[in-house]
Structures are given as C-alpha cells and as structure tokens.
Participant: 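One structure, as structure tokens, below. Some questions next.
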Amino acid sequence: MVTLKLPDGSVKEYPNGTSAFKVAEGIGKRLAQAAIAVKVNGEITDLARELPEGEHAFQILTEKDPDSLEVLRHSCAHVMARAVMRLFPGVQLAFGPALENLFYYDIQSPTPISEEDFPRIEEEMRKIVEKAEPFERFERPLAEARALVADLKQQLKVEHIDEEFQHHPSLSFYRQGEFIDLCRGPHIPHAGKIGAFKLLSIAGAYWKNDSSRQQLQRLYATAFFSKKDLDEYLDKIEEAKKRDHRVLGKQLKLFAISPLVGSGLILWMPNGSIIRNELETFIKDELTQRGYSPVYTPHIGRLELYRTSGHFPYYRDAQFPPMYTRPAAGTLDLCQYRLSLGELDEKRETEFLQYAKLAYFVPPQYEQAATQAEKLEMVHRYADQLLGVMQIDLPDYRKATDSKSRSDALLKWLSDQEGFLLKPMNCPHHIHIYKAEQRSYRDLPVRLAEFGTVYRYEQTGELNGMTRVRGFTQDDAHLFITPEQVESELRANIELVLFVFRSLGLNDYRVRLGFRDPKSSKYVGADEDWNTAQAALVEIVKSLGMNYTAEEGEAAFYGPKIDFVVKDCIGRDWQLGTVQLDYNLPKRFNLEYIGADNAAHRPIMIHRAPFGSMERFMGILIEHFAGAFPVWLAPEQVRLITVSEKFVEYGKKVEAELKSRHVRVRGDFRPDKMGAKIREAQMDKIPYMLVLGEKEQAAGTVAVRGRTEGDLGAVPIAEFIARIENDIATKALPR
RNA sequence: GCUGCUGUAGCUCAGCUGGUAGAGCGCGUCCUUGGUAAGGACGAGGUCAAGGGUUCAAAUCCCUUCAGCAGCUCCA
C-alpha cells in the first residue's frame, strides 16, 4: 500500500506499483498533462517511476514550480548532447548538469565545436524537441552498466564508473530515441515539454574539474517552458550588462586601464578618485574612532622579509619577479627555486616553468628533458656554470651532491644578496612596526592601519576590470592582541565590516568561513593553532547570529578567515571584506609582549580589510549603484543648467555659493537648449540639477531637479544647500 | 596558464567569398536664446592592435606577439 499526503493536506491511498503519473491522472487530466516531475518526501523524481511502499509527502510539479526548471534544463542537456552526437561523430560525453539559470554539457569531440556550429546544433535540437520522444529510465547491474557504456564507446563514462561507482550495485540510464546516457535523473516526461532553448557559449573545462586532467569543451545553454520566459531571461542579462563596472567606468570616466601601463593596473581618473577619496576619508574617520593608528610603509621590501613571512617561497608564481641588484642573482634564484622543489609533482613543475618563462629564463633544453632527475641535473649544471662565470665561489655548493643541499647552499648565498620584492601583502611591514618598540600587555591591542598598495602577478585569464587586478590598495590593518582579546577584537571587526556594508546599502552578501584543507601542504603552522583559530571563528559568527558557510581550502596560508562575498552583475562571486585570524606570523617573526607576569608572551594577529581592496570595492560599488552614486560619493553632486545665456551671470553666482560650501558643482552654461543639457546630466547620473532662468534669477531661487524624482520645484538657495548638506552628512542612499 | 571568441574614428558598431574605409553618437565652428531626457548647418578625425608571411593587390587569408571578453583552473 502507498499512502500519499498531498500539499492540500488530504491523504490518499494507492496499491503498490502505482506511478506518480497515475496518481496525477486520478486527480485530474489537466494536472497529468501539465505534470513535469514529482516531489516525494522532498526528493524530485520521474513521473513514470513506481512509488515506494509506505507513507510519503507527495507533490506533483508543474511548469509553475521553480524546481521543474532544473529538471527541464537537465533534460535539455540530454537533447543537446544527442544533437551534438548526431552532428559530430565520435563525441565523448562527460557531465551535463543544470545550474541556477542554465545548463551545460562537457564533451570531447575529435573535431572541435565552435560558436559557428550553434545554429546547426539548435536546428537539430529543434527536430528532437518536435518529435517529443519520452525519456525512459532503466537500470543495469554495475558490470552490465559498465559493459553498456563501453559498448556505446563512452570512454569518459567508463572511467567515471571505475572511479566513483565501484560500490553501487546498479546504475541508472535514460534513453531517448537512439540516445542513451548514464544518468541519475530525474527527467521530464518527454522532450516536447521544452518550450524554448538557446545555446549561449562554449568554453574549456577540465575533466572532473582537475587542471591536471584533459580539457573538454563545455557548451553552455539555457532552456525554459516558454519563449516568453527565455526572452525575459535574455533581456535581464542585457540589462545586467549595462551595470557592468567596466562599461560604466568608461562612460562615467571613473577609471582606465592602458596596455602600455600594464594589464591589471588601474588608472584612477579624476571622477573615480573623488569617490575613492570619500571612501578613504569615511573609513579613516571610523578607524580613528575605533582606536586604530594610521601608519605608512613602502611599496617594496627585502626578499629576506618575505622569506621569513613565507610569502616569497609559498606564492612565488603569483608575484612579480624579485629585483636583485646583481643580475646573475635573479637567475641563480630561479635555479635555487627549481632545486628546492626537488622531486615534486607535476603541478609544482608547471609552476616553476610558468615562473621561469615569466622571468624569460628556462635552462637550455630543459623542456626536452624526460625525467625530473635530468631536469634537476640541467638546472644544476646551469647554476654551476653561472657561478663560474660570475667568479662566485661557493664551497658548499661544490661539495653538495643532491638537490636539497645545492638549494640550501644557493639560498644561503642569495640571502646575503640585496634583493627586493614588490610587496604582495602589508603584514610583514606592519609586523616590523610592531617590533620597532618593546611592547607591554598594557599596549595591546596595537592596531596599525594603512591603505597599503600591494602587487600580485595574477594569471592573465583571471584579470577582470577592477575586480581582479595586479596592483591594488587594501584598506588594511593588523591587530596585535593577547589571547583574551581574540573574541572582542574579532567581534569588533566583523561589526565594522557590517557597518561599512550597511552604510553603502550593500545588503546582498554572504558570509564565508575559510578553513584550511587538511590535505593540502600550502598552509603553515601547527595543527592545534589552526583548530583553535577555526573554532574561535565559528563561535563568534554563531554568537552574532549570522548565516554562514564553512569552506575548506579557502583559508589564507597563515590562518582561517571570515569573508564577505558579493556577486557582480553577471553573477560571479567576489570577496570584499575579510577578517583573518593568525597564530603563525607572530611565531615566524618571533613577536613578543611583556605580560603582567613580567614574562615574554606571543601576541596573536588579526588581519582585516572591510573593503577588501579599493579597486574591487569600487568595481562592485559601481555595479551596486549602477553608476548612480549617493550624493556624498558622487563625483559631481550638482549640475547647474541655465535656461539661456542671459542667466549665466546668475549661474556663476550660484556656483560660487555652492563651491564655498564645498559642494561639487559644475555649471553647464553652454548655449544649448536646456532639454539637451538635462538629458546629458541625467546620463552622467548627477544627483541634482538646478535649472536657472528668469523666475529663479528674479526670486533668488533655484529650480531643483532630482535625478530620480524629477522636477522638485523652486526653493531659495539656502534651502537647497541645507538639503544637500543633509544628504551628504547622513550619507543618504539614492532614492 | 588552458579552451573558444574578439580587436576598424574618442565611444558603439557596419564593411559578403582579397581590389585601397563607412554610419550613429561624441568632438569643433557657426546659427538658434530656449522652462525639465536629444534645435539646426558645416567640419575635423583612422599606419583597420603590433610585427612578419602569402599575393599583382590584405582591414579581409596564414603565423607570432600584445590586449580584451566568456568559461575552466588559480586567488596570501
């Protein structure tokens, strides 16, 4: 017996072996026709499947249920794969899941697919949809299933079964016409339910998301129940693209990037600089209130500093090459890097090559060498030769016979050389401000704040407008605290981030706890420190009642962190504010304070940046406001619009008066028609326009036009000044 | 870094299978002196990303480099 509890609260009973479709038919013919899938105890399955015995919560899903879209898209992925297989013989299928608004299928094709093929593929898909063939589910025991996919010449699926499903007794398949795919489902009853679809883009993706595995082609597409929904979705995408900070940044003259200056290096134009300056003043005032001490430190530092902190050895390939005063040292440095990596995995090898190429240095014939040992030998001979030519005598290096001791000998020499690094982080500099005087527990917390500019050599494919750059300024601070202060300081910093976000109306963010991946070797420090720190973060976030996700592998290399993550206009995640807890750098730098017991103790560090970086924050802010900034941030707060040239005199008087009150005002006194001047001011997203003509001049008033509110009527100048000063003082958000 | 796509006037883009460059907006000059999102006329402006190759001939075809876009991998 199958007992079903329907959404309306009624309970119905059916004999065993009843399918959801039968139940739907029993309820009503129209429902059965409209049915897409079914939710049994919260789990979505096919309509055609037999319902299990027992009592279940039961709900038929139709086009109206958002969950149905996911089922539809997954089925459409099958249709797309089927069409591709018809057109491109020898295609291997990988995975084809549905995402939030779209779906993809990863495939491997002997003849590469390009966007030019989209019309053909879509045409073929249309034929399949028109035929409205059903999706039929069947199961096979593991061995038979493996034989079936092997028979279908789907090598990737065979691999997948071997790697993941060894303990599954049986596997499910879906058949649609000639097309059979290993698949968990669920699917729509038949292809005719697909009302509208569109192929969107093609991109590379690694097999099982592993960059050491083969790269596949990923076809992105989307599907809806109706053409109208599809068009709405496409329009929405177009609208979102108009908020793109790269587009608005150009339009509103906020920032520029020049290939001659370098990709990923932001040029802040005057308009953008005004906004940045306002933001910096805002946060500086806040920090002064909260007991921070502003400091300044240089843009570069000795290599030795970053060897101590770990930045240089751990993140070498993500930095600009080091600057050595002796040219040969740069090359020997690379030799040392390679030798120190020793017999390491493919990934580190790739890192080395990447880095060596960046520095225009790869030992002769290096890439042809077959084994690691040969490569190491080649590097060694090269280093040896260089030492000879430069007449550098390193007895330790000559005596050494293995890579490790060769690396050590080189490192010892390199450490004596003068070498600098563009700073990748501010912490080592701030640490040395802490160390510059003796600290007592009475001094703690020491809170050092700086808008510190750092440089990181991000991969070319990662660069993106202002959100991912190679030089950026963090609104950084480092706190040196006692163990007792951890909780209160963490709490204060999270509250600061929230305060900053609130002030700007940034409400659409998520909180992510970044923990270390215990399997990875990139993290420094003792296990117990990590565990303490991670536990402390969870406790605080919980006590603040925040929703959060904890993600392994998202920690900084020295400690766990709390990140505030927002989405950009096309849905990509970006980390803004961050608070990080660090037990490791204090150890590496041997930091101390004298406790009440007159003994030396180790402080704990907190790294934090409420904005993250000025560049990324600005980029996100541009998109958040769609370029229409609140009055306090707007580069131009007021535009004066004279009705004709007769009123320019009056315009200049109003301009002078506003300027004397530090309002950012510009007079548009050109002899154009005011309609045109208003339009221009609207497109420049100026918060206030003041129209000045006969009546205003006579009465000493200004006709106020709000960017969003339109004509607000004429008021005395003083009244307008009071209004805008209030907007600025309260940091009023755009209406 | 990888896969695919793109690079033509300040901006957005057209320029079919090779025959020597175009539009709209913007900009400049002049006319127009106006009441809440585009008044009119005329004009200037391009080493077709850079370098190399194929060809009688290249914006167009091929190669390399640089830069950008989407995705993947990465992200202290």
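Lettering follows sequence order; numbering is per chain, from 1.
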Participant: Using a cut-off of 4.0 Å on non-hydrogen atoms, how would the nucleic acid contact of A:Arg707 be classed: base, sugar-phosphate, or nothing?
Facilitator: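 No contact.
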Participant: Nearest to the side chain of A:Gln682 - B:A37, B:A76, B:G71?
Facilitator: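 For A:Gln682, the side-chain atoms sit closest to B:A37.
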Participant: Of the listed nucleotides (B:G39, B:U36, B:A67), which one gets closest to any side-chain atom of A:Val691?
Facilitator: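 The nucleotide sitting nearest to the side chain is B:U36.
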Participant: Between A:Asn584 (side chain) and A:Tyr558 (backbone), is there a donor-acceptor pair under 3.5 Å?
Facilitator: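 Pair found, side chain donor or acceptor close to backbone of A:Tyr558.
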Participant: How would you label the contact of A:Tyr315 with the nucleic acid (heavy atoms, under 4.0 Å): base, sugar-phosphate, or nothing?
Facilitator: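 Contact class for A:Tyr315: base.
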Participant: Under 4.0 Å between any heavy atoms, over every strand shown, what does A:Ala318 touch: base, sugar-phosphate, or nothing? Just pick one.
Facilitator: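 Result for A:Ala318 = base.
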Participant: Can you tell which of B:C27, B:A67, B:G71 lies closest to the side chain of A:Tyr220?
Facilitator: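 In terms of side-chain proximity for A:Tyr220, the closest of B:C27, B:A67, B:G71 is B:G71.
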Participant: Mind checking if A:Gly693 touches a base, just sugar-phosphate, or nothing, with heavy atoms under 4.0 Å?
Facilitator: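 It contacts base atoms.
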Participant: Just compare B:G34, B:A37, B:G4 and give me whichever is closest to any side-chain atom of A:Arg679.
Facilitator: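 Minimum distance to the A:Arg679 side chain belongs to B:A37.
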Participant: At under 4.0 Å between heavy atoms, what does A:Glu694 touch on the DNA or RNA strands: base, sugar-phosphate, or nothing?
Facilitator: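 Base contact.
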Participant: On the side chain of A:Tyr206, is there an atom forming a donor-acceptor pair with the base of B:G1 - under 3.5 Å, no angle test?
Facilitator: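 Check passes, donor-acceptor contact within cut-off.
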Participant: Do A:Arg456 and B:C75 share a donor-acceptor pair, side chain to base, under 3.5 Å?
Facilitator: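 By the distance-only test, no, there is no pair.
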Participant: Determine the Euclidean distance between corresponding C1' atoms of B:A59 and B:U55; express it in Å to zero decimal places.
Facilitator: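 Comparing C1' positions in B:U55 and B:A59 gives a spacing of 16 Å.
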Participant: Can you identify which nucleotide, out of B:U36, B:G1, B:A38, has its nearest atom closest to the A:Met674 side chain?
Facilitator: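 My answer, after comparing the listed nucleotides, is B:U36.
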Participant: Is the base of B:C72 touched by the side chain of A:Arg213 through a donor-acceptor pair closer than 3.5 angstrom?
Facilitator: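 No.
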Participant: Which part of the nucleic acid does A:Leu216 contact within heavy-atom distance under 4.0 Å: base, sugar-phosphate only, or nothing?
Facilitator: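 No contact.
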Participant: Which nucleotide, B:U32, B:U36, B:C5, lies nearest any side-chain atom of A:Ser114?
Facilitator: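 Among the listed nucleotides, the one closest to the side chain of A:Ser114 is B:C5.
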Participant: Give one of base, sugar-phosphate or nothing for A:Asn209, where a contact means two heavy atoms less than 4.0 Å apart.
Facilitator: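 Sugar-phosphate only.
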Participant: Please check this pair: side chain of A:Lys677 against backbone of A:Thr642, looking for a donor-acceptor N/O pair closer than 3.5 Å.
Facilitator: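 Pair found, side chain donor or acceptor close to backbone of A:Thr642.
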Participant: With centres under 5.5 Å and planes under 30° as the test, does A:Tyr558 stack with B:A76?
Facilitator: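 So A:Tyr558 does not count as stacking on the base.
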Participant: Nearest to the side chain of A:Gln459, heavy atoms from C-beta on, is which of B:C74, B:U33, B:A37?
Facilitator: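 Closest nucleotide to the A:Gln459 side chain: B:C74.
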Participant: Heavy atoms under 4.0 Å, any strand shown: does A:Arg246 hit a base, just sugar-phosphate, or nothing?
Facilitator: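 Counting heavy atoms under 4.0 Å across all strands, the contact made by A:Arg246 is with sugar-phosphate only.
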Participant: Could you check whether A:Arg705 gets within reach of a base, just the sugar-phosphate, or nothing at all, counting any heavy atom under 4.0 Å?
Facilitator: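 A:Arg705: base contact, heavy atoms under 4.0 Å.
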Participant: In this structure, are over 12 heavy atoms from other groups packed under 6.0 Å from A:Glu163 atom CD?
Facilitator: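 More than 12 within 6.0 Å, yes.
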Participant: Of the listed nucleotides (B:U32, B:C72, B:A76), which one gets closest to any side-chain atom of A:Ala205?
Facilitator: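 My answer, after comparing the listed nucleotides, is B:C72.
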Participant: Using a heavy-atom cut-off of 4.0 Å across all strands, would you classify A:Ser263 as base, sugar-phosphate, or nothing?
Facilitator: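 Sugar-phosphate, no base atom in range.
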Participant: Should the side chain of A:Gln217 and the base of B:U3 be counted as holding a donor-acceptor pair, with the cut-off at 3.5 Å?
Facilitator: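 It does not, because no donor-acceptor pair links the side chain of A:Gln217 to the base of B:U3 below 3.5 Å.
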Participant: A:Gln217 and A:Asp106: side-chain donor and acceptor closer than 3.5 Å?
Facilitator: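 No.
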Participant: Have a look at A:Glu696 and say if it touches a base, only the backbone sugar-phosphate, or nothing, with a 4.0 Å heavy-atom cut-off.
Facilitator: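 Contact class for A:Glu696: base.
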Participant: With the side chain of A:Pro671 defined as its heavy atoms from C-beta on, choose the nearest nucleotide among B:A76, B:G34, B:U12.
Facilitator: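 Among B:A76, B:G34, B:U12, the one nearest the side chain of A:Pro671 is B:G34.
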Participant: Identify whether any heavy atom of A:Lys677 sits under 4.0 Å from a base atom; if not, whether one sits that close to sugar-phosphate; answer base, sugar-phosphate or nothing.
Facilitator: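 No contact.
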Participant: Identify which nucleotide among B:G39, B:U36, B:G71 has an atom closest to any side-chain atom of A:Ala676, counting heavy atoms from C-beta outward.
Facilitator: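 The closest nucleotide is B:G39.
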